[in-house]
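What follows is one structure encoded as structure tokens, with my remarks underneath.
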Number of protein chains: 2
Amino acid sequence: MFPYIYIMSTGSHIHTLSEENYLKVIYHLGKDAKVKISPTAIAEALNNNPASVVDMLKKLVDKKLILYEKTKGVKLTDKGKKSALLIIRKHRLWEVFLLEKLEYSWDEVHEIAEQLEHIHNPQLADRLDKFLGFPQYDPHGDPIPSASGEMADIYKTILSEVTEGRTCQVVGVKDTSSSFLQYLKKLDIGIGTKITLIEKIPFDNSVIVSVKNGPNTTVSKLFADSLLVHE
Amino acid sequence: MFPYIYIMSTGSHIHTLSEENYLKVIYHLGKDAKVKISPTAIAEALNNNPASVVDMLKKLVDKKLILYEKTKGVKLTDKGKKSALLIIRKHRLWEVFLLEKLEYSWDEVHEIAEQLEHIHNPQLADRLDKFLGFPQYDPHGDPIPSASGEMADIYKTILSEVTEGRTCQVVGVKDTSSSFLQYLKKLDIGIGTKITLIEKIPFDNSVIVSVKNGPNTTVSKLFADSLLVHE
DNA sequence: GAATATTTTTAGTCTTGCCTAATTTTGTGG
DNA sequence: CCACAAAATTAGGCAAGACTAAAAATATTC
Ligand SMILES: [Mn+2]
Ligand SMILES: [Mn+2]
Ligand SMILES: [Mn+2]
Ligand SMILES: [Mn+2]
């Protein structure tokens with residue numbers, strides 16, 4: 001009556017919730033730098049035990065999702081990387097959904113997306129993507145991988161670093177306090193909003209901007225330091 | 001880094017995925033009739049084994065979600081019923097979302113909602129409800145429980161049973177074939193669409209209707225038998 | 001290069017949720 | 001009430017995914 005039936009589309013395999021979380025963590029650790037991805041590092045990220053990690057690494061090797069050579073550390077196979085990117089894609093798309101459609105705030109969306117990223121359906125990510133208007137960045141300014149698994153580099157900086165005269169696009173926030181978020185709402189600034197940096201005032205480092213090509217507004221240095229943008 | 005942290009709101013407890021599926025099945029079995037809800041019946045609904053069911057029933061009794069007296073069968077406590085209704089509420093709201101916003105068809109939504117119903121967040125159901133415009137019925141014509149756990153009775157009938165001159169509202173479909181669904185789309189009929197039954201033609205039982213108070217259209221008996229409505 | 005510190009791996013358990021097989025309880029027809 | 005069938009329960013196990021403690025392998029340091 002209520003069995004879970006998954007129809008596998010070509011090449012797409014279903015992994016357990018736990019496996020998916022490992023793949024995602026391994027992907028993120030690999031992005032950071034060329035640091036060796038060790039059981040200890042993974043355990044730290046997953047908030048569990050190195051011994052548990054070793055157990056799971058064996059399973060992931062068997063399933064050809066990772067390569068693991070002792071002393072060389074862990075590396076995702078193409079298959080593993082593809083799976084990881086789909087999970088990240090779903091995570092970030094759901095975050096946009098929660099923020100834009102369900103009016104959650106920037107700091108609430110992550111925890112719920114942590115659950116939603118594990119919903120399986122062949123068309124789900126693409127339909128959600130379309131419904132949201134193909135957003136490029138999630139509410140924290142991180143790029144959303146494309147359907148084919150490509151992910152834009154992160155060029156985000158803070159508003160105060162933008163060159164005078166240039167227009168940038170809001171990709172996220174550094175501060176998630178409700179006072180900041182409310183101020184953003186008041187200024188009609190959200191993800192994707194275009195802001196032109198008119199002038200920087202040397203006296204107190206405040207910044208004159210134009211939101212959506214509207215009238216000039218002055219914002220504080222604190223404000224300009226808290227807004228993540230993409231030139 | 002990626003732990004699941006749930007903030008429990010007053011009185012709301014988090015159950016495991018398995019527990020939730022048991023609660024939902026027990027609720028549905030209890031609705032049907034005053035048949036005794038036995039381990040065997042539950043096992044059949046969950047497509048598992050009576051011995052497994054007995055194990056779980058003990059846990060549910062411990063957690064005060066059900067009452068279980070041998071020979072009398074299983075009954076949800078108020079706490080258990082409340083949890084079951086929230087799961088059903090989420091299930092049906094997500095089905096509406098998938099149909100209306102992500103353009104899934106009537107027969108695809110159930111399987112995905114089976115997963116989505118288990119996403120936990122104190123405000124999620126209510127925000128989704130608001131976003132969807134407080135729908136009263138899911139795509140299969142079943143009523144959506146309110147935030148407080150009340151659920152309308154099902155008064156749905158087929159369009160062909162509606163009295164001449166009366167207006168009804170579409171609550172679901174009996175046929176989920178794509179040919180039927182495409183025809184519905186062509187006629188601009190969806191969930192909640194108001195249809196007035198103008199006249200029944202005795203010759204071939206076809207029916208003249210007005211969709212959204214628009215011009216009269218004639219539909220076949222087969223069509224009128226396949227559309228679930230609520231007078 | 002030996003001694004020590006750190007990391008990784010193994011070994012042995014635990015819990016959850018399921019299973020099969022065996023046993024007990026309950027229900028029914030005569 | 002007795003015999004038999006059906007349903008419920010118990011007993012014993014298994015796989016996944018976690019844990020602790022101990023052993024083995026690597027890295028560091030003097
Ligand atoms: Mn996130
Ligand atoms: Mn996750
Ligand atoms: Mn359903
Ligand atoms: Mn379910």
Side-chain angles (χ1 to χ4, degrees), chain A residues 1-6 13-26 29 34-75 80 83 87 114-115 118 120, chain B residues 1-6 13-26 29 34-63 65-75 80 83 87 114-115 117-118 120:
Chain A
M1 191 179 179
F2 303 100
Y4 287 50
I5 297 166
Y6 298 124
H13 290 271
I14 303 291
H15 310 113
T16 66
L17 188 141
S18 203
E19 283 169 357
E20 292 194 345
N21 283 332
Y22 273 87
L23 291 175
K24 197 174 64 153
V25 159
I26 293 167
L29 288 174
K34 47 187 60 192
V35 185
K36 197 184 80 174
I37 304 175
S38 62
T40 312
I42 295 170
E44 208 161 298
L46 281 168
N47 206 20
N48 71 1
N49 192 296
S52 314
V53 173
V54 171
D55 281 351
M56 181 60 89
L57 291 184
K58 286 174 191 161
K59 290 175 200 164
L60 296 176
V61 167
D62 286 350
K63 296 193 173 188
K64 307 213 191 302
L65 293 165
I66 61 168
L67 300 171
Y68 183 33
E69 295 174 65
K70 32 211 90 191
T71 83
K72 278 197 161 186
V74 177
K75 199 174 171 303
S83 294
I87 299 160
E114 204 57 36
Q115 301 171 61
H118 303 290
H120 293 291
Chain B
M1 191 179 180
F2 302 100
Y4 287 49
I5 295 166
Y6 298 124
H13 291 268
I14 302 292
H15 311 113
T16 66
L17 188 141
S18 203
E19 283 168 357
E20 292 194 345
N21 283 332
Y22 274 87
L23 291 175
K24 196 173 64 152
V25 159
I26 293 167
L29 288 174
K34 45 187 62 191
V35 185
K36 197 184 78 174
I37 303 175
S38 61
T40 313
I42 296 170
E44 207 161 301
L46 282 167
N47 207 20
N48 71 0
N49 193 295
S52 314
V53 173
V54 172
D55 281 351
M56 181 61 88
L57 291 183
K58 286 175 191 160
K59 290 176 202 164
L60 296 176
V61 168
D62 286 350
K63 296 193 173 186
L65 293 165
I66 62 168
L67 300 171
Y68 184 33
E69 294 174 66
K70 33 210 87 189
T71 83
K72 279 197 159 186
V74 177
K75 198 174 172 302
S83 294
I87 299 160
E114 204 58 37
Q115 301 171 62
E117 72 191 1
H118 303 290
H120 293 291

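Just so we're on the same page: letters track the sequence lines, and every chain starts at 1. Just so you know, these numbers use all the heavy atoms, side chains as well, and skip hydrogens, waters and symmetry mates.
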Atom pair [atom1]/[atom2] of [X] and [Y] - distance to nearest 0.5 Å:
X: Met56(A); Y: Thr16(A); atom1: CE; atom2: OG1; answer: 5.0 Å
X: Leu67(B); Y: Leu57(B); atom1: CG; atom2: CG; answer: 11.5 Å
X: Ser83(B); Y: Ile66(B); atom1: OG; atom2: CD1; answer: 12.5 Å
X: Ile37(A); Y: Tyr68(A); atom1: CD1; atom2: OH; answer: 11.0 Å
X: Glu114(B); Y: Asn21(B); atom1: CD; atom2: CG; answer: 6.0 Å
X: Leu17(A); Y: His120(A); atom1: CG; atom2: NE2; answer: 7.5 Å

Interatomic distance where [atom1] belongs to [X] and [atom2] belongs to [N] [whole Å]:
X: Lys36(B); N: dT26(C); atom1: NZ; atom2: P; result: 10 Å
X: Asn47(B); N: dC19(C); atom1: CG; atom2: C1'; result: 13 Å
X: Glu69(A); N: dA25(D); atom1: CD; atom2: P; result: 18 Å
X: Lys63(A); N: dA15(D); atom1: NZ; atom2: P; result: 14 Å
X: Lys72(B); N: dT26(C); atom1: NZ; atom2: P; result: 14 Å
X: Ile42(B); N: dA7(D); atom1: CD1; atom2: C1'; result: 13 Å
X: Asn48(A); N: dA16(D); atom1: CG; atom2: C1'; result: 14 Å
X: Leu46(B); N: dG17(C); atom1: CG; atom2: C1'; result: 12 Å

Is Val74(A) close to Leu60(A) at the side-chain level, that is, under 4.5 Å between some pair of heavy atoms?
-> no
Can a side chain N or O of [X] be found less than 4.0 Å away from OP1 or OP2 on [N]?
X: Thr16(B); N: dG17(C); value: yes
X: Ser18(A); N: dA18(D); value: yes
X: Tyr22(A); N: dA16(D); value: no
X: Ser52(B); N: dC19(C); value: yes

If a pair satisfies salt bridge (Lys or Arg N to Asp or Glu O under 4.0 Å) and one of its residues is in residues 50-61 of chain B, list it, with sequence neighbours excluded.
-> none
Please assess Ile26(B) against Leu65(B) for the test side-chain contact (heavy atoms from CB on, under 4.5 Å), listing each intermediate value before the final yes or no.
-> CA-CA 11 Å; Ile26(B) 293 167; Leu65(B) 293 165; over 6 Å; no
At what angle, to 10 degrees, do the two end axes of the helix from dG1(C)-dC30(D) to dG30(C)-dC1(D) meet, given five pairs define each axis?
-> 0°
Start at the 5' end of DNA chain D and walk down; is the nucleotide closest to Thr71(A) or to Lys59(A) reached first?
-> Lys59(A)
Under the side-chain hydrogen bond (donor to acceptor under 3.5 Å, both in side chains) test, which residues partner Glu19(B), sequence neighbours left out?
-> Lys63(B)
Kindly give the atom pairs (protein nitrogen or oxygen, nucleotide nitrogen or oxygen) under 3.5 Å for nucleotides 4-6 of chain C.
none

Can you tabulate the close N/O pairs, meaning under 3.5 Å, that link protein atoms to atoms of nucleotides 9-11 of chain C?
from, atom 1, to, atom 2, distance (Å)
dT9(C), OP1, Tyr68(A), OH, 3.2
dT9(C), OP2, Tyr68(A), OH, 2.6
dT10(C), OP2, Lys58(A), NZ, 2.9

Residue pair Ala43(B) / Asn49(B): nearest heavy atoms and the distance that separates them = CB-C, 3.7 Å
Partners passing side chain to side chain contact (heavy atoms under 4.5 Å, CB included) against Ile87(B) (at least two apart in sequence or in another chain) | Glu20(B), Lys24(B), Glu117(B)
